[in-house]
Amino acid sequence: ENGNWPISNNLCENAIRPFVIGRKGWLFADTVAGAQASANLYSLVETCKANGIDPYRYLVSLFAKLPLAATADDYAALMPWAPPATLTSEGRGQ
C-alpha cells in the first residue's frame, strides 16, 4: 500500500546471505579459538566492504604494517574505517 517501499526484499536477502553461509561453516569449528579467529577475520572483511575498501588489498596492507605498529595510534591507523586513500574506491582511480 506504500509506494515508497520496494516490491521485493532481494537487497536485504542478498545482504544477509554471507552470514547464513558462514553460520553453517562456523557450526563445525574444531575449537572455540578457531571459531573466534574466523569471526574476527570475517568481521574485518565485512567492515572493509561497508567502508568501500577492497578486502584483499586491505588485508595485504594490514599484514605488512601490523608488525611495525608500536603505539595505540599506530593500531588505530590500521583500522578499516581509517584506511589510506590507496585502499578506498576513490584511491583506485575508478
(request) Only counting residues at least two apart or in another chain, list the ones meeting side chain to side chain contact (heavy atoms under 4.5 Å, CB included) with Gln36. (result) Val32
(message) Using every non-hydrogen atom in the two residues, find where Cys48 and Tyr58 come nearest and quote the distance to one decimal.
(response) SG-CD2, 3.2 Å
(request) Please report the shortest heavy-atom distance between Pro80 and Asn51, naming the atom on each side. (result) O-CB, 3.9 Å
(message) What I'd like to find out is whether the side chain of Leu78 reaches to under 4.5 Å of the side chain of Leu66, using heavy atoms alone.
(response) yes
(message) Quick one: does any side-chain atom of Asp74 pair with a main-chain N or O of Thr71 as donor and acceptor, under 3.5 Å?
(response) yes
(request) Sorted by first residue and then second, give each salt bridge (Lys or Arg N to Asp or Glu O under 4.0 Å) pair with at least one member in residues 40-50; sequence neighbours left out. (result) Glu46-Lys49
(message) Quick check: closest heavy atoms across Leu44 and Leu62, and the distance to 0.1 Å?
(response) CD1-CD2, 4.2 Å
(request) With sequence neighbours excluded, tell me which residues meet side chain to side chain contact (heavy atoms under 4.5 Å, CB included) with Thr31. (result) Ala33
(message) Between Trp81 and Ile53, is there a side-chain heavy-atom distance shorter than 4.5 Å?
(response) no
(message) Test of understanding: with side chain to side chain contact (heavy atoms under 4.5 Å, CB included), list the residues that count as partners of Phe63, not counting sequence neighbours.
(response) Leu59
(request) May I ask you to list the residues sharing a hydrophobic cluster with Tyr56, side-chain cutoff 4.5 Å, ordered by chain and number? (result) Val60
(message) According to side chain to side chain contact (heavy atoms under 4.5 Å, CB included), who are the partners of Ser43, at least two apart in sequence or on a separate chain?
(response) Thr47
(message) Please enumerate all residues that pass side-chain hydrogen bond (donor to acceptor under 3.5 Å, both in side chains) together with Asn14, with sequence neighbours excluded.
(response) Arg17
